[in-house]
Amino acid sequence: MFLQNNEIRDLLNQVADLLEIRDDNPFRVRAYREAARVIEQMTEPVASLVKANKDLSQYRGIGRDLAAKIREIVETGGLEQLRRLRQELPVSLLDLMQVPSLGPKKTAQLYKHLGVASLEDLERAARRGQIADLSGFGEKSQQHIIESLGRVKKSGEKRLLWSDAAVHARALEEYLMDIEGVRRVRVAGSFRRGEETVGDLDVLVTCGRDREKDVMEAFVSFEGVKNILSHGKTKSSVILRPGLQVDLRIVAQVSYGAALHYFTGSRAHNIAVRKLAQDKGYKINEYGVYQGEKRVAGKTEKEVYASVGLTYIPPELRENMGEIQAAADNRLPALLKRSDIRGDLHCHTRRTDGHGSLEEMAHGAIAMGYQYLAVTEHSQKVAMAGGLNEKQVLQYMKKIDAINEKFSGFRLLKGMEVDILADGRLDLADSVLAQLDLVVCSVHYQQRMDEKKQTERIIRAMDNPYCHILGHPTARLINTRDPMEIDLEKIILAAKDRGVILELNAQPDRLDLPSSYCKMAAESGVRIAVSTDAHSVENLELMENGIAAARRGWLTRNDVVNTRSLSELLRLLRRP
DNA sequence: GCCGTTTTCGGCCCGACTGTTTTCAGTCG
Ligand SMILES: Nc1nc2c(ncn2[C@H]2C[C@H](O)[C@@H](COP(=O)(O)OP(=O)(O)OP(=O)(O)O)O2)c(=O)[nH]1
Ligand SMILES: [Mg+2]
Ligand SMILES: [Mg+2]
Ligand SMILES: [Zn+2]
């Protein structure tokens, strides 16, 4: 099969690392890394673009040379340049680069003078005391290397799910807010951008005059700290007991906006905004926007953006993926927000594998401020969840009708999450589906089929006129299970043709349909349902997760069906 | 290697912390 975007990204990053160890032009190195980033962020598989003879140099950051190299990678599965580099330098040097404190220069030094080419070599050399004598190293850095060897990220070691990081973030915020002199605490970085997973927590703090030192002291003394990596006046890094790194930055109040902008990133976004400032005769750093020595902005992020002629850019969009041009043209979308949401279109109760009763879920939804909640139990095929057969569905519908009698201004929608069988038929008879308010169809079994078959299976399910929503379309579980091999472009077009809605499942390890495909779907005119797939009353609050993912996909109120009133929603569902 | 209503050549974001170093390079955010 053709290489995936992530595999192409890895090859380009390998070239970059090896060039850097060889002390090549740093800007050339950067160009490879930038191309790798662009490819990682692309929604479409690069292989498809190459096959379709698309001109890759249309992408900013990919020029004539890199376009040709990417094409070579897709067509041959490798890159001649990389093979040559690997003859010149052992590829295991890339492992050395993973050791904290070892970058390209020190790696080259270790290899050149001590023949250190692997982590084992490194440990041996350090323990024998050979490294301390090397120029640029000393006793401390040798000791540091020994300690750092334990912190090398193994391949396959996972980034934290956003929702897991949130638990640590909240605890830390609380601790920091209680420190005397602290004014503001903000978790920035990938966490604030709402990424699916985060590599660390980046926390910005402002405090009263001359309190910086004490505040920093208090931070590194946090009970959860296992390890202090660095400890300076304005910036420190620690490792918490669960292995999570936290970077803390302290600035004065006047720099809050500029610092928040810096620390929220992304790196690529920062570089692009700072470049804009340069072009306009300004300099942006974490302290403010400067014209010469004079600070001209920086108290708020809005000020920072305004200084370079941009409207405020929401954190979720800050990836240098078109948001800066859109802000310059004042055409950023009004992103989906919590107050837009009128209901939830996917949940389970105790009748199958949920925990709440129908009444409890209804009251939970009302407490969320909703007009409707679709109860979508599993169908019979999903036996381990106690899925319902046709007869049971009809009985259950009566029960829901009875409960709905008690409400005004709110309704439980009679739904089902119907399993898509291996051949694309649905797990319940059309005669039953026809009586439901809402049908979510999703794949639970046989997720390993070749792409063509799997895609046909799903499109066949969407052919059923009662299929309203395609549930968790890729079936991925973040950090656990890869997405199914499917042609999502085809599925999006098929959904468009049939009036099928795609689900953005808000479960923290699903976030499925992934954001970039949500963007593609919305651009194709396909609507999205942001659904929690709640299995308990508390789970209804996962809507926030879904909204963050939707925002990263540039979705607006208009793109999302569960922003509609009940009557509008029902009108918008396809009918046979 | 990329890029261009200032440029097709000459720039490419900017700064904190550490350790090794006599004034700063390397790494990292
Ligand atoms: N201007 C500038 N800012 C940077 C650079 N590297 C990092 N930053 C800023 C933007 C990042 O979002 C922020 C935090 O850095 P991190 O390494 O923690 O990255 P981030 O949180 O985006 O992703 P992560 O999930 O931690 O891998 O610091 C850089 O090279 N230049
Ligand atoms: Mg981070
Ligand atoms: Mg960080
Ligand atoms: Zn479900």
Side-chain angles (χ1 to χ4, degrees), chain A residues 12 15-17 19-21 23-38 56-70 81 96-110 131-145 148 151 188-190 199-204 212 216 220 228-238 245-251 255 258-259 261-290 298 304 308 320 324 328:
Chain A
L12 292 175
V15 173
D17 286 350
L19 287 175
E20 205 177 23
I21 293 171
D23 200 23
D24 215 302
N25 179 343
F27 297 106
R28 183 170 178 237
V29 171
R30 196 167 107 178
Y32 281 86
R33 297 223 168 97
E34 179 62 12
R37 184 190 71 87
V38 169
L56 294 175
S57 67
Q58 292 303 303
Y59 290 85
R60 170 180 286 273
I62 299 176
R64 201 174 47 94
D65 289 15
L66 273 160
K69 289 180 189 194
I70 294 163
Q81 180 191 20
L96 294 189
M97 293 263 282
Q98 300 309 306
V99 178
S101 84
L102 291 192
K105 295 290 191 295
K106 290 188 170 179
T107 297
Q109 187 82 339
L110 287 164
I131 291 176
D133 298 334
L134 230 50
S135 99
F137 294 82
E139 286 295 341
K140 280 191 175 173
S141 49
Q142 177 170 269
Q143 191 53 36
H144 190 78
I145 285 169
S148 299
R151 289 201 292 121
S190 50
D200 66 1
L201 288 177
D202 304 289
V203 188
L204 177 67
E212 292 87 351
M216 201 52 102
V220 299
I228 300 173
L229 301 177
S230 69
H231 180 180
K233 285 210 310 281
T234 71
K235 179 184 169 196
S236 295
S237 293
V238 303
Q245 178 168 334
V246 181
D247 298 327
L248 187 91
R249 200 66 207 265
I250 301 183
V251 298
S255 294
H261 180 256
Y262 153 70
F263 221 20
T264 297
S266 64
R267 175 184 139 90
H269 175 89
N270 287 354
I271 291 175
V273 171
R274 288 172 177 205
K275 179 77 172 64
L276 258 185
Q278 274 188 331
D279 294 344
K280 293 181 190 289
Y282 297 115
K283 179 180 73 170
I284 295 181
N285 57 29
E286 59 267 54
Y287 301 108
V289 181
Y290 293 85
V304 174
V308 290
N320 195 18
I324 292 172

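Throughout, a chain's letter reflects where its sequence line sits, starting with A, and its residues are numbered from 1. Quick caveat: nothing in here was measured; it's all calculated off a predicted structure.
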Original post:
Taking only residues two or more places apart in sequence or in another chain, which ones pass side-chain hydrogen bond (donor to acceptor under 3.5 Å, both in side chains) with A:Thr107?
Top reply: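 A:Thr107 satisfies side-chain hydrogen bond (donor to acceptor under 3.5 Å, both in side chains) with no other residue.
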Please work out if [X] contacts a base, only the sugar-phosphate, or nothing of the nucleic acid, heavy-atom cut-off 4.0 Å.
| X | value |
| --- | --- |
| A:Gln245 | sugar-phosphate |
| A:Ile271 | base |
| A:Arg267 | base |
| A:Asp202 | sugar-phosphate |
| A:Gly136 | sugar-phosphate |
| A:His231 | sugar-phosphate |
| A:Lys69 | sugar-phosphate |
| A:Asp65 | sugar-phosphate |
| A:Tyr290 | nothing |
| A:Pro100 | sugar-phosphate |

When rounded to the nearest Å, what value does the distance between [atom1] atoms of [N] and [M] take?
| N | M | atom1 | value |
| --- | --- | --- | --- |
| B:dT21 | B:dC3 | P | 41 Å |
| B:dG15 | B:dG10 | C1' | 24 Å |
| B:dG1 | B:dT5 | P | 23 Å |

**OP:** Using heavy atoms to find the nearest nucleotide of DNA chain B for A:Tyr262 and A:Glu286 separately, return the residue whose nucleotide is more 5′.
**Re:**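 That would be A:Glu286.
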Subject >> salt bridge (charged side-chain N to carboxylate O under 4.0 Å, His left out) partners for A:Lys233, two or more places apart >> reply: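 Partners of A:Lys233 under the salt bridge (charged side-chain N to carboxylate O under 4.0 Å, His left out) test: none.
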Original post:
Could you give the start and end, 5' to 3', of the contact zone on DNA chain B for chain A, using atoms under 4.0 Å from its heavy atoms?
Top reply: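 From 5' to 3', the first and last contacting nucleotides are B:dG1 to B:dG29.
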